[in-house]
Amino acid sequence: MPRYDAARIEKRWQEYWEEHGTFVTPNEPPADATGKLYALDMFPYPSGSGLHVGHPEGYTATDIVSRHARMLGKRVLHCMGWDSFGLPAEQYAIETGTHPRVTTEKNISTFRRQLKSLGFSYDWSRELATTDPEYFRWTQWIFLQLWDTWYDATHEWTGPDGRQRTGKGRPIAELPIPDDVTAAGEDAVRHYQDEHRLAYQSNAPVNWCPALGTVLANEEVTADGKSERGNHPVERRALRQWMLRITAYAERLLDELEDLDWAESIKALQRNWIGKSTGAEVDFYVPRAESGKRKADFEQWEASRKESGFPATPGDDVLRVYTTRPDTLHGATYMVIAPEHPFVDRLTTPEQKEAVEAYVKQASVKSDLDRTDLAKEKTGVFTGSHAVNPVNGVEVPIWIADYVLVSYGTGAIMAVPAHDLRDWEFAVTFDLPIVPVVQPPDGHEPTKDEKPLGREIDGEMRYPFAGHGTAVNSADYDGLPTAEFKTKITADLAAAGVANAAVNYRLRDWLFSRQRYWGEPFPVWHELDDEGNPTGRVRPVDESELPVELPEMEDFKPKGTPEPPLSFAPDDWLYRTAEDGTKLRRETNSMPQWAGSCWYFLRFCDPKNTEAFIDPEIEKHWMPIDLYIGGAEHAVLHLLYSRFWNQVLFDRGHLSHAEPFRKLVNQGMILGEAELTGFAKAESGKRKAEAGDVCSDFGDYEWVSSKDVTTDGALEGADGVVTKTGEPVVSVKLDPELVEKKGESFVFVDDSSIRVDSRAHKMSKSRGNVVNPDDVVRDYGADSLRLYEMFMGPLEQTKPWSMSGVEGVYRFLGRVWRMFVDDRAEEVVLDPAVQDVDPTEAQERILHKTIKAVGDDIDKLSFNTAISRMMEFTNELGGQNPRPRAVLEPFVLLLAPFAPHLAEELWHLLGHDESLTFAPWPTYDESKLVEATIEIPVQVNGKLRAKIQVPNGADKETMQSLAEADETVAAQLAGKTVVKTIVVPGRMVNFVVKP
RNA sequence: GCCGGAGUGGCGGAAUUGGCAGACGCGCCGGAUUCAAAAUCCGGUUGGGGUAAUUCCCAGUGUGGGUUCGAGUCCCACCUUCGGCACCA
């Protein structure tokens, strides 16, 4: 019986595509192509658990778009590769003693097999893995480019789009060296350069995770101070690390976001992450002299500043703060510096020394968790020193508190308790003065945040006010609205040389080194002195010596100390003597997993190039990416990092576009099948639970899930089941709050106390609701899996899996099959109903409607509706006899991007010898879409009263008279006055009447 | 708290962007086919009411207002929910 046999068909066509190299894209594409499409999937980390049903969701979407584009005659680049460096392979290796390379290769081949079984039209000849030395050779090369680049913030240039821009990455050799640095000698120059490179070393405190044995980026640490991977505790520790100066590109990354065709939500996420704020930096003079001379010192300082202007780096006698509210300067009644601020020691007076030291120590051991969790209680300690408020010469105390972060702004703030909630809390705790300088607008009530902080002062309830208003207690500025005041005072203070307009970003530099074995080695040597100690000078590995491969090692376990595994590599890898006789030691940190994924899309264009990471001509040919689809979990990190690398490579002239991803779409997460869970009462006979039902305790009710319930609604292993409304599948949940306890028994208060919980949850091993794509392919075929994942709902939406939904699309494919194939025949032959006859007008119309709808929907990535249109077509044509070939053939082509295997099989059956991959996409004829007469609604006072047939293209008058002639309408209008008639041609008629 | 989404039948979701709410699929009900089943096919399925019957009536897109001849769609306020950030001065 020639039933729809997905397994046979799919095997056949996958073999055909492989043999014929159907999807291999030459680098010299046909000249007659009508445009190009680069459709990219976020390449997977080949984990040990294999493909997840979430992967094929985005992959199917790009595959449909790619296959559609090929049929439209475009040249298409569509590739797959592996983000194969990373922690899990290394941890598995440590546990089992298998080399990570072995595990990785095994996992890759599983992924490859699974992906191939789904019939994606990837050009497998371009497959790449980030762990391949021929690949990471260029990752290392790009790192050297970063090392060789500084950011010239003042450089003006015009982008490819003709827009003027400021700021560009330039070769380090072009960095202007100040004369005093040149005079100080070669080492000073080198040091100066190192301070400007985009890749630099730093000793700043980092997130050290002892359990993972590595340092983590801020982005890899959760809010409660745990590692994102594994949820292990993370502590702060000062270590020498490589950093990438992504902050230099903050403005560029923010600015270029505007023109990209990305979902607003993702743009918002990135904007949020970059976190731009504008305000001013203000210098507060810190007098050192004994009282008496202090005022004179301040005045002298003020005068000198007026002359010199606002310096780039403040001196020792100045505390520089950043504020977004310079208009509240008159209300600054104290200052706060972070416990890690470099001035802590200098500002601490002998009397306060003990208290300060204790506080700073305590703050240093506090994890981020403690710091945020104790947010309710503000803590701090007085330094003993004061600073002078530049607007009024008032001396204010300087405190140390951990609510000020050393890593943001200048690590110091001016505190305006009247207008900042945190400062208010602190001032209240330590009894510091509160001076209001902003008058709230009339009728302002304290907000939800402000209200709870209210406090009685001098017999009156007072609240902080963080909003905008009018200036008071601000000398000459009184009466100015906040916004105006900000601009004015910033200008005035800038003229006085004590402040400057400033911008700050939440974004931090990217911690780029890890203490792992399974990552790209840094292409860097450290110079050693005669004793073998590092001199602090580094030398790049010569390009000709790339790649720096990983040494073969027996033991790459982390030692629980920050010494990276590579520092235990064999000496011949680790050490070398340079031609000039200098002893060198390799950098033993490795790059983070993000490195390889920052540029893989470039390599796909030119994967075999041994001369360059990409050929400039080929790059121009394929980039930018027209469609990039992947999970929202990469909305910030991966996408920001790769944009950053791409910007730098663009600035250095290696790329033709600054932004790699023209259009980005995040597929929604696929949740596990919605489970009905709850308490079921096991008793004989099925019946409804009712109000008043009694149970002796919740033990009478068993926790069940839909898996325990058979299709007819009986609970397996029990005699019956309590149902909500008599529906067969069901279990109920008791909401303890709605169940009354009477003695030892519980009584259902009312029907609402019986709840069915049918939530869908994330797929997870522990929940046991993970769907394995292999199983689905085995039972229903790849086409069904592809079609189902596209039919579930909008691509970007989170949606639950449903096995019966898979069966639904499988049934649809069966109907398609039987539309062509006589399933009662002995062999696979065309159904006799498929004939070379002229289609009827109605058949032509549905065909052309379907062609239009499917094409438009693919362009909109609205695959669920495209599929529903094809179902409508099948519902209409399936039962007809004869079924004209001229209508069925184009339909096969429409189906091809979605269910390519079945489509190829039917195409073949219709007598075509070649694959339909490059068959022209059907076109529709606008004139075939119109019907002779159409049905339109007639409303009276906006209510639908009748439907009438009108000739297509009827004018207003005709439509109105036809509507008036309708019996029902006439009855509705009888005895009433028509005030107005609205006629929308081809749409509707509406009579507005008065009684 | 701030930023960004989303609320439509029993369920997943449609709705030419202001013009017939519920396309398509799932589930369910009824029927055909069958010795029976599987598979397949046909009909019904928002709720309520009415009729011998129909192209019948009423209500209805989270809640409350508003704009409009007309609102799921636009405006205002609110509720719920999901995601991200969270002492960022």
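Every chain is numbered from 1, with letters handed out A, B, ... down the list of sequences.
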Which is true for A:Thr798 with a 4.0 Å heavy-atom rule: it touches a base, it touches only sugar-phosphate, or it touches nothing? sugar-phosphate

Here's a test of your reading of the structure: between A:Gly805 and A:Ser862, which maps to the more 5' nucleotide of RNA chain B? A:Ser862

Mind checking the P distance from B:G25 to B:A6? Whole angstroms is fine. 27 Å

Think A:Ser277 has a side-chain N or O under 4.0 angstrom from the OP1 or OP2 of B:A89? yes

Across the strands shown, which category fits A:Asn864 at heavy-atom distances under 4.0 angstrom: base, sugar-phosphate, nothing? sugar-phosphate

Out of B:C69, B:C58, B:C41, minimum distance to the side chain of A:Arg815 belongs to B:C41

Does A:Arg945 make a side-chain N or O approach to OP1 or OP2 of B:C57 shorter than 4.0 Å? yes

Please report the distance separating the C1' of B:C26 from the corresponding atom of B:U45, rounded so that it comes out in whole Å. 13 Å

From C-beta outward on A:Ser265, which listed nucleotide comes closest to its side chain: B:G4, B:A89, B:A23? B:G4

Over all strands shown, is A:Arg271 touching base, sugar-phosphate only, or nothing at heavy-atom distances under 4.0 angstrom? nothing

Separation of atom CD1 in A:Ile337 from atom C1' in B:C87, rounded to whole Å: 17 Å

Can you tell me if the side-chain N/O atoms of A:Lys943 get under 4.0 Å from OP1 or OP2 in B:A59? yes

Under-3.5 Å donor-acceptor pair between A:Arg987 side chain and B:U16 base: yes

Look at all strands and tell whether A:Gln939 reaches a base, only sugar-phosphate, or nothing, counting heavy atoms closer than 4.0 Å. base

How long is the line joining CG of A:Asp856 and P of B:A15, in whole Å? 12 Å

Taking B:G44 as the reference, what is the distance to B:U34 when you measure between their P atoms (whole Å, please)? 24 Å

Checking contacts here: which listed nucleotide (B:C57, B:G4, B:A89) is nearest the side-chain heavy atoms of A:Leu405? B:A89

Distance-only donor-acceptor test (3.5 Å): side chain A:Lys947, base B:C20: yes

Using a 4.0 Å heavy-atom cut-off, does A:Met792 contact any base of the nucleic acid, only the sugar-phosphate backbone, or nothing at all? sugar-phosphate

Please pick, from B:U40, B:A14, B:A89, the nucleotide with the shortest atom-to-atom distance to any side-chain atom of A:Arg811. B:U40

Considering just the side-chain nitrogens and oxygens of A:Arg506, establish if one lies under 4.0 Å of OP1 or OP2 belonging to B:A86. yes

Nearest to the side chain of A:Ser804, heavy atoms from C-beta on, is which of B:C24, B:C69, B:C26? B:C26

A:Leu944 has its side chain closest, among B:G84, B:A21, B:C85, to B:A21

Which pair of heavy atoms, one from A:Tyr334 and one from A:Asp423, lies closest together, and at what distance? OH-O, 3.0 Å

Sugar-phosphate only, base, or nothing, as touched by A:Ile413 at under 4.0 Å among non-hydrogen atoms: base

Watson-Crick and G-U pairing of RNA chain B, under 3.5 Å, as dot-bracket with | and [ ]: (((((((..(((......[....)))((((((.......))))))((((......))))..(((((..]....))))))))))))....

